[in-house]
Q: 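Before I ask anything, here is the structure I am working with.
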Amino acid sequence: MSPRAPLPPPPPPAEIRSWPDREALLADRARALDVLGRRLLGGGRFALFAGAVLLLQLGWGMVGVTLVGLGTGAILDPITFFVGLVVSVLGAGVMVPGLWLAVRGVRQDRLARERLAAWAALDRDRAADARLRRPVPSALWMVVSAVLCGLGLWLGFAVPAGADPADGRGSVVYGMGVALIFWINGLTGLFKAAGHYRTAIRTAPAGRAGRSASSGPPRHG
């Protein structure tokens, strides 16, 4: 599914539902759960997540060139300082789409989880509910996010501890910025994977393949 494609709409209110029978409801439910699951944990979403991290780190790296140079006194002459300033502005510009992708991803994930929970609550279906768990993508998100968190945490301690006074504060600021980007995005991925797992367990618990109490006879239009 293309990241630009719209999310499946929420299920219609109970008073205007018009499925002819339960099989039709389960078919629509299975399609919606599959699309929403791929939107949350699929390859396209992972690519956007990785792209946001890369853009943020690339932009911050361009800003870091100036920060480190100022700390060491390497860009005190006007021409070098001007070049460094231009690079920093360009770096900040590179960070803007990365930040936009990260924020947009969080908002889209929240909306997709809400709609996934609404569709899952309509009924129970063993096959669709098993696919909803998506253990392999969930594990991939968990591992990658844990690595990012661990790297950010390690840099957060290692950079200040290993800072050379001769390098000034610029290198420390740059290193802490790198650590913060890894840490925040890692936490975002961890919360995402854990949130999907909780949603899957809560709305489609294992061993409940029968009809739920909430699924009354479909209303005919």
Q: On a heavy-atom basis, which atom in Met176 and which in Val159 lie closest, and how many Å separate them?
A: N-CG1, 4.3 Å
Q: Less than 4.5 Å apart, side chain to side chain, heavy atoms only: is that true for Trp100 and Leu55?
A: no
Q: About how many Å separate CE of Met95 and CG of Leu58, when rounded to the nearest 0.5 Å?
A: 10.0 Å
Q: State yes or no: do Leu99 and Trp60 share one hydrophobic cluster built from I, L, V, M, F, W and Y residues joined by side-chain heavy-atom distances below 4.5 Å, directly or via other members?
A: yes
Q: Just jot down the salt bridge (charged side-chain N to carboxylate O under 4.0 Å, His left out) partners of Arg31, sequence neighbours excluded, or say none.
A: Asp28
Q: To the nearest 0.5 Å, how far apart are CG in Leu56 and CG in Leu101?
A: 8.5 Å
Q: Does Phe191 have any side-chain contact (heavy atoms from CB on, under 4.5 Å) partners at least two apart in sequence or in another chain, and if so, which?
A: Leu187
Q: Could you tell me whether the side chain of Leu48 reaches within less than 4.5 Å of the side chain of Arg45, counting heavy atoms only?
A: yes
Q: Do Val147 and Ile181 share a hydrophobic cluster (ILVMFWY, side-chain heavy atoms under 4.5 Å, transitive)?
A: no
Q: At what distance, to the nearest 0.5 angstrom, does CG of Leu148 lie from CD1 of Ile184?
A: 12.0 Å
Q: For Ala193 and Met142, work out which heavy atoms get closest and say how close.
A: CB-CE, 3.8 Å
Q: Which distance, rounded to the nearest 0.5 Å, do you find between the CZ of Arg110 and the CD of Gln108?
A: 9.5 Å
Q: Just how far is it from atom CG of Leu122 to atom CZ of Arg17, taken to the nearest 0.5 Å?
A: 5.0 Å
Q: Leu111, Phe49: one ILVMFWY side-chain cluster at the under-4.5 Å cut-off?
A: yes
Q: Decide whether Val65 and Leu54 are clustered together by the hydrophobic rule: side chain heavy atoms of Ile, Leu, Val, Met, Phe, Trp, Tyr closer than 4.5 Å, transitively.
A: no
Q: Do His196 and Trp141 have side chains that approach each other closer than 4.5 Å (heavy atoms only, starting at C-beta)?
A: no
Q: What is the minimum heavy-atom distance between Gly186 and Ser145, and which atoms define it?
A: O-CB, 3.3 Å
Q: Grab the two heavy atoms, one from Ala146 and one from Leu190, that are nearest each other, plus how far apart they are.
A: N-CD2, 3.9 Å
Q: Taking all non-hydrogen atoms of both residues into account, name the closest pair between Ala102 and Ala52 and its distance.
A: N-CB, 4.0 Å
Q: Between Trp19 and Trp119, how do the two ring planes meet: parallel, tilted or perpendicular, split at 30° and 60°?
A: perpendicular
Q: Give the cluster check for Val173 versus Leu180: same hydrophobic cluster or not, with ILVMFWY residues linked at side-chain heavy-atom distances below 4.5 Å.
A: no
Q: Nearest 0.5 Å please: distance from the CZ atom of Arg115 over to the CG atom of Leu7.
A: 5.5 Å
Q: Return the minimal non-hydrogen interatomic distance between Ala120 and Leu33, and the atom names on each side.
A: N-CD2, 3.9 Å
Q: Check this for me, if you would: do Asp123 and Arg29 make a salt bridge, where the nitrogen-to-carboxylate-oxygen distance has to be below 4.0 angstrom?
A: no
Q: With side-chain hydrogen bond (donor to acceptor under 3.5 Å, both in side chains) as the rule and sequence neighbours excluded, what pairs involving residues 179-195 come up?
A: Asp109-Lys192
Q: Below 4.5 Å, heavy atoms only, C-beta onward: do Val94 and Gln57 meet side chain to side chain?
A: no
Q: In terms of side-chain geometry, is the basic nitrogen of Arg131 or Asp125 positioned less than 4.0 Å from the acidic oxygen of its partner?
A: no
Q: Do Leu140 and Leu41 have side chains that approach each other closer than 4.5 Å (heavy atoms only, starting at C-beta)?
A: no
